Amino acid sequence: MVDALYTLFGGEGQFLYLIAIVAAVLAIALPLLIAVAFAVYFDRKIWAAVQMRRGPNVVGPFGLLQSFADGLKLFLKETIIPAGANKVIFLLAPMLTFTLALISWAVIPFDEGMAISDLNVGIMYILAISSLGVYGIIMSGWASNSRYAFLGALRSAAQMVSYEVSIGFVLICVLVFAGSLNLSDIVDAQAGGAHKWYMWPLAPIYVIFFISALAETNRPPFDLPEAEAELVAGYQVEYSSMAFALFFLGEYANILLMSAVMAILFLGGWHSPIPGDDIIPGFIWMLLKIGFGFFMFAMVKAFVPRYRYDQLMRLGWKVFLPLSLAFVVFYSGIAVYGGFLPSGS
Amino acid sequence: MMEIALTDMVFYLFAAVTVASGVLVISARNPVHSVLWLILAFFSAAGLFVLMGAEFLAMLLVVVYVGAVAVLFLFVVMMLDINFTELRQGMLQHLPLGGLIGLVLLGELVALASAWYFGEDVAKNAASPTPAIESASNTEALGQLLYTDYIFIFQTAGLILLVAMIGAIVLTLRDRPGVRRQSIAAQVNRRPEEAFDLVDVETGKGVSLPGKKG
C-alpha cells in the first residue's frame, strides 16, 4: 500500500517515501477512528434491541451522531489527576493503550496488497502488540493510587496473560494449515469460496478463539476488570475527560481488531464466499466480515451474565489450555498424515 | 545513499534508547519505574533485532519477555511494600563490592575477547545447515534449524522448563486436610428437584424442615 502511494506521488526520493508512509497510516487510522465511533453506536443499539429498548436516538438521524456528541462532551471536560497519583504514568497509560490499539492495524490486509506493512511475521506482530496491551491497564491501575483501580488492574493482567496462551495455540493450528505467518498468505490459503474457509475444518478452534478474544478485550462476560458492581469501573475509575476517552476508543479499536483477525484467520479475509465472484470488491467483503465479528461481540454482551473470577481462571487454565493443546496435536496429526501440509515445506 | 542514512539513524535511536533505559533501570528510585524502563529496554532491543532482519526473534522477544516475563516482574514489584529511603541507603554501602564485581567481569570479558579465535571448521559448520536467506523466510530458516540439527538441544530446553514448572507447583502445592473444595461437576449437575421443594403453606401453620415430614 505504501509502495502504491509512493508511485502515485511520483516515486522519487526518500522524503516522498516518508510522506507515502504517513499517507498510508492516515488512510487506515482515520477511517478506523470513525468506524470506532459508529461501532460504539451499533454496540449500544444492538444491546438496546435485545432488551427491547430504543437505544441512542436523539443526536442526529437515528441517533447516529451520539458517539460524536459523547466524544465532544468528554473533550470539553476537565482532566482530573488524583493528588496521590503518579502523574507521568497516570497520563502515559491511556496514551499507551490507545497507541497500541491503533498500531496493530498496520499489518491487517483489507484487500490484496492493501495493508500498511505486509510483514512476514504478521500474526506474531499482532500477538506481540496484544500482549503489550496489558501494560496500559496495569500502569493505569497502579498510578491511580486507588484500591478499586489496582484490583481491576491485577484482575485484568492475570486474565489477559491467561487467555493469551490459548490464543497462541489456536494460532498454531491455523498456521499448520496455512503454512505461513504472513496474514495475506493465510487469507490466500482460504481462497475459492466459503467452503474453503478455515471456519469449517477448524470450527472448535474458532469457538475457542472467539471466547478467548472476549476475555482478551475485557468484554462481557469477562469484563471483570471493570465490573461496575464490585469495582466501580476498575482501572478506569480515576480517569475523566480525554484520558477516559482514549481508554474507551482503545477498547473498541481492539474489539474491531479481534473481529478483523477472526475474519482473516477463519472467514477467508477479503475473499468472496461465492467461488469465482469478483463483482463485489474484496475490500467490501472484509468490512462485512469485520462487521459480522463485531455483531457477535455485541450480542454476547447482551446475552451472557458476567463470570465469577474463579470460573474465569478455571475456564482459561483448566479447560481452554488443555483443549487447545490437544487440538494442536490433533490438527498437526491430520495435517501430517492426511496430506494437508501446505506445499513448500 | 539516503536510505542507508535513514536505517543508520533508526539504529542509533534504538541503541541510544536501549542503553539509556538500561542505565535508568538501575538508577530509578522507584522500583516500578525500574521495571517500566526495563520493558522499554526490551522493546528497543526488539527494534534492533528488526533492523538486523531477524523479525521473528524480535516478535518472540516482545511476546515472551515484554508480554509475559516483565508483566510478572511488574506484578510482583507493585505488590511489594518497599521503604524507598531505606533502599537507597543500602546503595552506597554496597557500591564498592558491586563495582569490584563489575570490574572483574569487565576484565574477564576483555581477556576473553582478546583470546577469542575461531576453530578451523567453524565457518564451514555455520554455513552448511543454514537455508539460504534469499530462499527461506526468517521463521522457516529458524524452524528448519531447530527441528533438525538442534532437535535434542531444543527438546532438552523444553524439558528443563517443564521440570521447573512442575517443581514450582510441587513446592507450593500443599495437601491440607479438612479443606472444602468446590466440585464443578456436582454444581453443574445439580437439578432443581434436589435443590428445593415447593410447599403450600396453610394459614396459621408453620413449615417443617425438608425431609422431616410430620
Side-chain angles (χ1 to χ4, degrees), chain A residues 12-18 21 86 88-89 92-93 96 100 107 117 119-135 137-139 141-143 150 153-154 156-158 160-162 164-165 167-168 171 175 179-182 185 308 310-311 314-315 318-319 342 344-345, chain B residues 1-7 9 28 30-33 35-40 42-43 46-47 49-50 53-80 131 135-144 147 181-182 184 187-188:
Chain A
E12 233 172 275
Q14 189 97 20
F15 181 68
L16 211 64
Y17 196 70
L18 278 180
I21 293 175
N86 191 320
V88 178
I89 297 183
L92 205 63
L96 187 72
L100 288 176
V107 293
S117 169
L119 278 187
N120 266 337
V121 286
I123 199 79
M124 286 287 287
Y125 174 81
I126 286 183
L127 203 64
I129 299 299
S130 79
S131 71
L132 288 180
V134 68
Y135 283 111
I137 290 171
I138 301 192
M139 280 161 69
W142 180 78
F150 193 53
L154 289 184
S156 174
M160 288 172 91
V161 170
S162 309
E164 231 151 57
V165 184
I167 286 191
L171 294 182
L175 297 181
S180 172
L181 291 166
N182 181 302
D185 289 350
R308 224 168 48 211
D310 61 307
Q311 291 173 330
R314 178 180 164 270
L315 187 72
K318 291 189 177 172
V319 180
S345 50
Chain B
M1 204 61 213
M2 280 285 280
E3 208 162 321
I4 296 163
L6 192 68
T7 34
M9 252 162 57
N30 192 328
V32 174
H33 291 180
V35 180
L36 290 175
W37 286 119
L38 182 68
I39 292 160
L40 187 60
F42 281 150
F43 199 72
F49 270 126
V50 170
E55 68 255 17
F56 185 78
L57 275 184
M59 294 304 147
L60 219 57
L61 184 73
V62 175
V63 170
V64 175
Y65 281 94
V66 184
V69 175
V71 170
L72 294 180
F73 271 16
L74 202 60
F75 221 81
V76 172
V77 169
M78 276 178 180
M79 308 279 254
L80 291 177
S135 63
S137 78
N138 218 299
T139 322
E140 216 178 309
L142 260 179
Q144 292 209 344
Y147 288 97
R181 290 181 191 282
Q182 61 173 354
I184 305 291
Q187 285 178 356
V188 172

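Convention: sequence-line order gives letters A, B, ...; per-chain numbering from 1. The shown structure was predicted, so the numbers you read here are calculated from the model rather than taken from an experiment.
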Given E164(A) and V63(B), is the side chain to side chain contact (heavy atoms under 4.5 Å, CB included) satisfied, shown in steps?
CA-CA 10 Å; E164(A) 231 151 57; V63(B) 170; 6.0 Å; no
Where do L74(B) and W142(A) land on the side chain to side chain contact (heavy atoms under 4.5 Å, CB included) test, with the steps shown first?
CA-CA 10 Å; L74(B) 202 60; W142(A) 180 78; over 6 Å; no
Criterion side chain to side chain contact (heavy atoms under 4.5 Å, CB included) on M160(A) and V71(B), from CA distance to verdict:
CA-CA 11 Å; M160(A) 288 172 91; V71(B) 170; over 6 Å; no
Kindly indicate, with the supporting measurements, whether the criterion side chain to side chain contact (heavy atoms under 4.5 Å, CB included) is fulfilled by L154(A) and M78(B).
CA-CA 10 Å; L154(A) 289 184; M78(B) 276 178 180; 5.5 Å; no
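For Y135(A), the part lying near chain B is the side chain, with the backbone staying farther off; criterion is any non-hydrogen pair under 4.5 Å. Neither the backbone nor the side chain of A46(B) comes within contact range of chain A, judged by heavy atoms closer than 4.5 Å. Heavy atoms closer than 4.5 Å to chain B are found in the side chain of L132(A), but not in its backbone. Looking at L61(B), neither its backbone nor its side chain comes within 4.5 Å of chain A, counting heavy atoms on both sides. For a residue to count as touching a neighbouring chain, one of its non-hydrogen atoms must lie under 4.5 Å from one of that chain's; by this rule N182(A) does not touch chain B.
Heavy-atom pairs under 4.5 Å with chain B peak, among I89(A), V134(A), L127(A), at I89(A).
In this structure, CD1 on I126(A) lies 10.5 Å from CE on M59(B), to the nearest 0.5 angstrom. Note: R314(A) CZ to I184(B) CD1 = 4.0 Å, rounded to the nearest 0.5 Å. One finds the CG atom of N86(A) at 6.5 Å from the CG atom of N30(B) (value rounded to the nearest 0.5 Å).
Annotation: F43(B), atom CZ; neighbour count of heavy atoms from other residues, nucleotides and ligands within 6.0 Å does not exceed 12.
When all heavy atoms of A157(A) and F75(B) are compared, the pair lying nearest together is CB-CE1, 3.5 Å. Residues G67(B) and V161(A) approach most closely at O-CG2, 4.4 Å, considering heavy atoms.
For the pair Y125(A) (side chain) and E55(B) (backbone), a donor-acceptor distance under 3.5 Å is absent.
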